[in-house]
Amino acid sequence: MVAGLLLAAGAGRRMGMPKALVDDWLVRSIAVLREGGCDDVVVVLGASAEEARERLAADQRVIVAEGWDEGMGVSLRAGLDSLEADVEAAVVHLVDLPDVGADVVRRVILTSSTTEAAEELARAAYDGVPGHPVLIGRAHWAGVVEAAVGDQGARGYLKTRDVRLVECGDLAGGDDVDRR
C-alpha cells in the first residue's frame with residue numbers, strides 16, 4: 001500500500017496567507033495524489049487548520065501538526081507517524097506545487113520498484129533538479145524522522161542515500177509558488 005502524504009501546514013508568510021487556503025490548491029493536491037495512484041491520502045495541516053479543514057470532504061483523513069510553525073520537519077514527522085501499519089511507502093507532496101499533476105505522481109510510483117516498496121527512495125526531478133513528490137519507503141521513515149528538523153524535511157537524509165531520480169520535466173515545472 002502506498003499512501004499520499006500532503007504537507008499543507010505552513011503559514012505561507014511570503015504568500016501572505018496559508019497556502020492551504022490559496023485557490024483550490026488543497027483539494028487539487030489531494031486529487032493529484034489519489035489519481036496518481038495513492039491508496040490513501042493524509043493531509044497535514046497547521047496554520048488556519050480549521051478553515052482549511054472546511055474545504056475538505058468530511059471523510060478526508062487530516063492531522064494537525066502540533067508545533068507546525070517550527071518548520072516542515074514537524075509536519076513530515078507528524079505525517080509519517082500517522083500512517084497505518086500496512087503502508088509500505090509514502091508519497092510526500094507539497095500543497096504549493098500547483099503545476100504538478102497526477103501524471104507526475106503516477107510516474108514516481110510506477111518507476112519505483114514495486115516488489116520492494118518499503119525499501120524505495122524515489123523523487124521527481126525537473127530537468128535533472130530533484131523536487132517533489134518524493135516516495136519514501138517505510139524502511140527509511142525512522143531515518144527521515146530523525147533528520148527532519150526545522151524547514152529541512154527529508155533533504156538531509158536524502159542527500160546521504162541512493163535516491164532514484166524520476167525525470168518529470170516533460171510533465172511539469174515542479175516550482176513551488178511562494179508569492180501571488
key: Separation between CG of Leu7 and NZ of Lys19, rounded to the nearest 0.5 Å   = 12.0 Å
ask   = Below 4.5 Å, heavy atoms only, C-beta onward: do Glu167 and Asp127 meet side chain to side chain?
value = yes
key: Full working for side-chain contact (heavy atoms from CB on, under 4.5 Å) between Leu5 and Leu76   = CA-CA 8 Å; Leu5 186 56; Leu76 180 57; 4.2 Å; yes
ask   = How close do Leu158 and Arg123 get, heavy atom to heavy atom, and via which atoms?
value = CD1-NH1, 3.6 Å
inquiry  = Testing the basics here: between Val100 and His93, what is the closest heavy-atom pair and its distance to 0.1 Å?
reply    = CG1-CE1, 3.7 Å
query = In Å, rounded to the nearest 0.5 Å, how long is the span from OH of Tyr126 to NE2 of His132?
reply = 9.5 Å
key: Common cluster, Val95/Leu21, ILVMFWY with side-chain heavy-atom separation under 4.5 Å   = yes
message = Is any side-chain heavy atom of Pro133 closer than 4.5 Å to one of Val92?
response = no
request  = Ignoring hydrogens and angles, tell me if any N or O in the side chain of Gln152 forms a donor-acceptor pair with the backbone of Gly73 under 3.5 Å.
outcome  = no
Let me have the donor-acceptor pairs involving side chains of residues 38-49, under 3.5 Å, with sequence neighbours excluded, atom names and distances please.
from: Asp39; atom 1: OD2; to: Val2; atom 2: N; distance (Å): 2.8
from: Asp40; atom 1: OD2; to: Arg61; atom 2: NH1; distance (Å): 3.3

ask   = Would Val129 and Leu171 show up in the same hydrophobic cluster when neighbours are defined by side-chain heavy atoms closer than 4.5 Å?
value = no
request  = State, with a plain yes or no, whether a side-chain heavy atom of Val105 is found less than 4.5 Å away from one of Val91.
outcome  = yes
key: Close side-chain approach of Asp176 and Leu94, heavy atoms under 4.5 Å   = no
key: Approximate separation, where rounding is to 0.5 Å, of Leu6 CG and Ser29 OG   = 5.0 Å
ask   = So which heavy atom on Val104 is nearest to which on Cys168, and how close?
value = CG1-SG, 3.8 Å
note = Nearest heavy-atom contact between Ile30 and Gln60 is CG2-OE1, 3.5 Å
ask   = Considering all heavy atoms of both residues, which atom of Met15 and which atom of Val177 are nearest to each other, and what is their separation?
value = CE-O, 3.5 Å
inquiry  = Please determine whether residues Val62 and Trp25 belong to a single hydrophobic cluster, defined as Ile, Leu, Val, Met, Phe, Trp and Tyr linked transitively by side-chain heavy-atom distances below 4.5 Å.
reply    = yes
inquiry  = I'd like to know whether Glu66 forms a side-chain contact (heavy atoms from CB on, under 4.5 Å) with Val74, so could you lay out the CA-CA distance, the side-chain angles of the two residues, the decisive distance to 0.1 Å, and finally the verdict.
reply    = CA-CA 8 Å; Glu66 298 298 323; Val74 171; over 6 Å; no
remark   = In terms of heavy-atom contacts, Ala8 and Leu26 come closest through CB-CD1, 3.9 Å
remark   = The reported gap from CZ in Arg107 to OG1 in Thr111 (rounded to nearest 0.5 angstrom) is 7.0 Å
key: Spatial distance of atom CG (Leu33) from atom CD1 (Ile109) [nearest 0.5 Å]   = 8.0 Å
Please tabulate, for side-chain N and O atoms in residues 134-151, each donor-acceptor pair with protein atoms closer than 3.5 Å (sequence neighbours left out).
from: Arg138; atom 1: NE; to: Val87; atom 2: O; distance (Å): 2.8
from: Arg138; atom 1: NH2; to: Glu84; atom 2: O; distance (Å): 2.6
from: Arg138; atom 1: NH2; to: Val87; atom 2: O; distance (Å): 3.2
from: His140; atom 1: ND1; to: Tyr157; atom 2: OH; distance (Å): 2.7
from: His140; atom 1: NE2; to: Glu119; atom 2: O; distance (Å): 2.8
from: Trp141; atom 1: NE1; to: Ile136; atom 2: O; distance (Å): 2.9
from: Trp141; atom 1: NE1; to: Gly137; atom 2: O; distance (Å): 3.3
from: Asp151; atom 1: OD1; to: Met72; atom 2: N; distance (Å): 3.0

inquiry  = Rounded at 0.5 Å granularity, tell me how far CZ in Arg28 sits from CG in Leu97.
reply    = 9.5 Å
task = Please confirm whether the backbone N or O of Gly37 pairs with a side-chain atom of Arg106, one donor and one acceptor, at under 3.5 Å?
result = no
